[in-house]
Chemist: 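This is the structure I want to talk about, given as C-alpha cells.
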Amino acid sequence: MLELVLLFIGVILLSMTVRATFGFGDALFNMPLLTLLFGLKVAAPLSAMLSSTITAAILATHWRNVDIKSAWRLIVASLLGIPIGLWMLKGIPEAVMLIFLALVLIGTALNRFLHPDKLHLKSNMWAFPFGFVAGVLGGAYNTNGPPIVVYGSMRRWDAATFRATIQGYTFPVGLTILAGHYSAGLWTRQVAMMYLTALPVVAAAFLIGNILHGRLQGNRFQVALHIMLMVMGFALILKACL
C-alpha cells in the first residue's frame, strides 16, 4: 500500500513539474502510469482535473504573457475543426496518424537543431491552420496538442510566452473535457479523494516548475523544448506500436 502511494505521488510530481516547466507534456507521463495503476476510468478524469488545476495556476500568475492574438485564433479554429475530426473518426487508423504526428514532432526538433534559422512563422495568422488541424485531430483521435506545440515552436516564442499561451489555449479545452467526464459519471468519490490528496503535490510541482522555467530562458529553453518535442514524438510512436 505504501509503495502504491509513493508511486502515485512520484507520478504526479514528475508529470505536473513537466507541465509547470514547459506548459505541456504531463499526459506523456501520468496517463500511461495512472492507467496502469488505477484503470482508465480513474486516470482520465484525474489527469484532466490535475492538468486543469495547474493550467489555471499558470494563467493566474502569468496571464500577461499570453499571446492573445494567437490564442483566440487557435481556439476558434480548433472549434471549427473538431466536428470534421468527429466525422472522419474512422477514416484513418489511429496508429498511422500517431506515427505521422511523431515524425512531424521529431522533424521539427531536428530542423531547429540543424537549421535554426528556418521554419520561422512571423505572422499569428498561421494560428488558424494550425488550430484547425489541432481541432480535427482532437475530434478524431483526442490528440490536439502536437500541432499547437509545433506552432509555438515555429513562432519562436520566448519561454514565458510559450508556456502561458499554451495554457490560454488548453484551459477552455480542458474545461470542456472536465464537463464531458462529469456528464459521463466519471467524477466518482475515489477520483475526488485522489485529486484532493494530490493537490499538495501539484502545489510543490508548480513551485519546482516555476524555478526550472525561470532557469530555462533564451537558448536553454529552446534546446529543452525541442528535446521535449523529440520525447513526445518517440512516445507517440511507442503508443502507436502497442
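We number each residue from 1, following the sequence as shown. Bear in mind that the values here come from a model prediction, so they are computed numbers and not experimental data.
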Chemist: Report yes or no: does T61 contribute a side-chain atom to a donor-acceptor pair with the main-chain N or O of I58 at less than 3.5 Å?
Modeler: yes

Chemist: Looking only at heavy atoms, which two atoms of F29 and V11 are closest? And how far apart?
Modeler: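 Where F29 meets V11 most closely, the heavy atoms are O-CG1, 4.3 Å.
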
Chemist: Does the Q167 side chain pair with the main chain of R163, one donor and one acceptor, at a distance under 3.5 Å?
Modeler: yes

Chemist: Any donor and acceptor pair, going by atom type alone, linking the side chain of H226 with main-chain N or O of A109 inside 3.5 Å?
Modeler: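 Not a single qualifying donor-acceptor pair exists.
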
Chemist: State, to 0.1 Å, how close T108 and L229 come at their nearest heavy-atom pair, and which atoms those are.
Modeler: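 Where T108 meets L229 most closely, the heavy atoms are CG2-CD1, 4.2 Å.
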
Chemist: Distance-only, no hydrogens or angles: does the S52 side chain make a donor-acceptor pair with backbone N or O of M49 under 3.5 Å?
Modeler: no

Chemist: For the side chain of S78 and the backbone of G131, is there at least one donor-acceptor N/O pair under 3.5 Å apart?
Modeler: yes

Chemist: Could you tell me the separation between the CG atom of L7 and the CD1 atom of I12, rounded to the nearest 0.5 Å?
Modeler: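 Nearest 0.5 Å value for the CG-CD1 distance: 10.0 Å.
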
Chemist: Roughly how far, to the nearest 0.5 Å, is the CG atom of L46 from the CG atom of N30?
Modeler: 8.0 Å

Chemist: Just by modelled atom types, is the S15 backbone N or O under 3.5 Å from a matching donor or acceptor in the R19 side chain?
Modeler: no

Chemist: As an exercise, state the distance from CG of D26 to OG1 of T55, rounded to the nearest 0.5 Å.
Modeler: 7.0 Å

Chemist: Hey, does the side chain of T197 reach the backbone of M193 with a donor-acceptor pair shorter than 3.5 angstrom?
Modeler: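 Indeed, once roles are kept as given, a pair shorter than 3.5 Å links the two residues.
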
Chemist: Sequence neighbours excluded, which residues qualify as side chain to side chain donor-acceptor pair (under 3.5 Å) partners of T161?
Modeler: D158

Chemist: Check the hydrophobic clustering (I, L, V, M, F, W, Y; side-chain heavy atoms under 4.5 Å; chains of links allowed) and say if V223 and I106 are grouped together.
Modeler: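 They do share one cluster, since a chain of ILVMFWY contacts under 4.5 Å joins V223 to I106.
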
Chemist: Which heavy atom of A198 sits nearest a heavy atom of F8, and at what distance?
Modeler: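 Where A198 meets F8 most closely, the heavy atoms are CB-CZ, 4.0 Å.
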
Chemist: Heavy atoms only: give me the nearest I166-G23 pair and the separation to one decimal.
Modeler: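 Shortest heavy-atom contact: CG2-O, 3.3 Å.
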
Chemist: Applying ring pair (Phe, Tyr, Trp, His ring centres under 6.0 Å) to F162 and F221, what does each step give before you reach the verdict?
Modeler: CA-CA 10 Å; F162 183 95; F221 178 78; 5.7 Å; yes

Chemist: Set out, in order, the CA-CA distance, both residues' side-chain angles and the distance that settles side chain to side chain donor-acceptor pair (under 3.5 Å) for Y169 and S70, then state yes or no.
Modeler: CA-CA 9 Å; Y169 168 80; S70 286; over 6 Å; no

Chemist: Looking at side-chain heavy atoms only, is the closest gap between T17 and F206 below 4.5 Å?
Modeler: no

Chemist: For residues 170-189, pull every pair meeting ring pair (Phe, Tyr, Trp, His ring centres under 6.0 Å), keeping only residues two or more places apart or in separate chains.
Modeler: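 Qualifying pairs: Y182-W187.
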
Chemist: Just jot down the salt bridge (charged side-chain N to carboxylate O under 4.0 Å, His left out) partners of R155, sequence neighbours excluded, or say none.
Modeler: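 R155 satisfies salt bridge (charged side-chain N to carboxylate O under 4.0 Å, His left out) with D67 only.
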
